[in-house]
Amino acid sequence: MIKKFLFKKMFNKFNRLAATLNLKPKELDLAGKKCFCLSPHPDDETIGMGGVLSKFGENFEVLLLTDGRKGIKDKAPEHAVQIRYEEFKNAMTLAN
């Protein structure tokens, strides 16, 4: 309930700011451009850039900064690293 309220509040603020700044959506065109995505943790690239990577994955180099060993609380760190690496590999396959 609180998350929904906060999201709605932030969404409304963003819309007012966008209207004030006269922001209009533009078509993203990355044809022929090389881009870089820094991902601090496994899945940050998907959460933050998933849509762009799925459309323009061939234009991107993605650098993963950590191995995700603390990302799965009920798994041993070595097992979590293996799981997170496979998830990252799969996500990168979908991006290309």
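Sequence positions, counted from 1, serve as the residue numbers for this chain.
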With rounding to the nearest 0.5 Å, note down the distance linking [atom1] in [X] to [atom2] in [Y].
{"X": "Glu58", "Y": "Lys34", "atom1": "CD", "atom2": "NZ", "value": "9.0 Å"}
{"X": "Thr46", "Y": "Met92", "atom1": "OG1", "atom2": "CE", "value": "5.5 Å"}
{"X": "Ser39", "Y": "Leu65", "atom1": "OG", "atom2": "CG", "value": "7.0 Å"}

With a 3.5 Å cut-off and sequence neighbours excluded, list the donor-acceptor pairs that the side chains of residues 25-33 form with protein atoms.
from, atom 1, to, atom 2, distance (Å)
Glu27, OE2, Lys55, NZ, 3.2
Asp29, OD1, Ala31, N, 3.2

- Task: Considering only Ile, Leu, Val, Met, Phe, Trp and Tyr, and joining two whenever side-chain heavy atoms are under 4.5 Å apart, list the other residues clustered with Leu94.
- Result: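 Besides Leu94, the cluster holds no residue at all.
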- Query: Which residue pairs pass the side-chain hydrogen bond (donor to acceptor under 3.5 Å, both in side chains) test with at least one member in residues 11-23, sequence neighbours excluded?
  - Reply: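 For residues 11-23: Asn22-Lys24.
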Should [X] and [Y] be counted in the same cluster of Ile, Leu, Val, Met, Phe, Trp and Tyr side chains packed under 4.5 Å apart?
{"X": "Leu64", "Y": "Val62", "value": "yes"}
{"X": "Leu53", "Y": "Phe88", "value": "yes"}
{"X": "Phe56", "Y": "Phe36", "value": "no"}

- Query: Checking Glu45 side chain against Asp43 main chain: does a donor-acceptor pair fall under 3.5 Å?
  - Reply: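 Checked: pair present.
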- Query: Are Thr66 and Pro42 side-chain neighbours, meaning at least one heavy-atom pair lies under 4.5 Å?
  - Reply: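 Contact flag for Thr66/Pro42 side chains = yes.
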- What closest approach, in Å, do Arg69 and Ala80 show between heavy atoms, and which atom pair accounts for it? O-CB, 3.7 Å
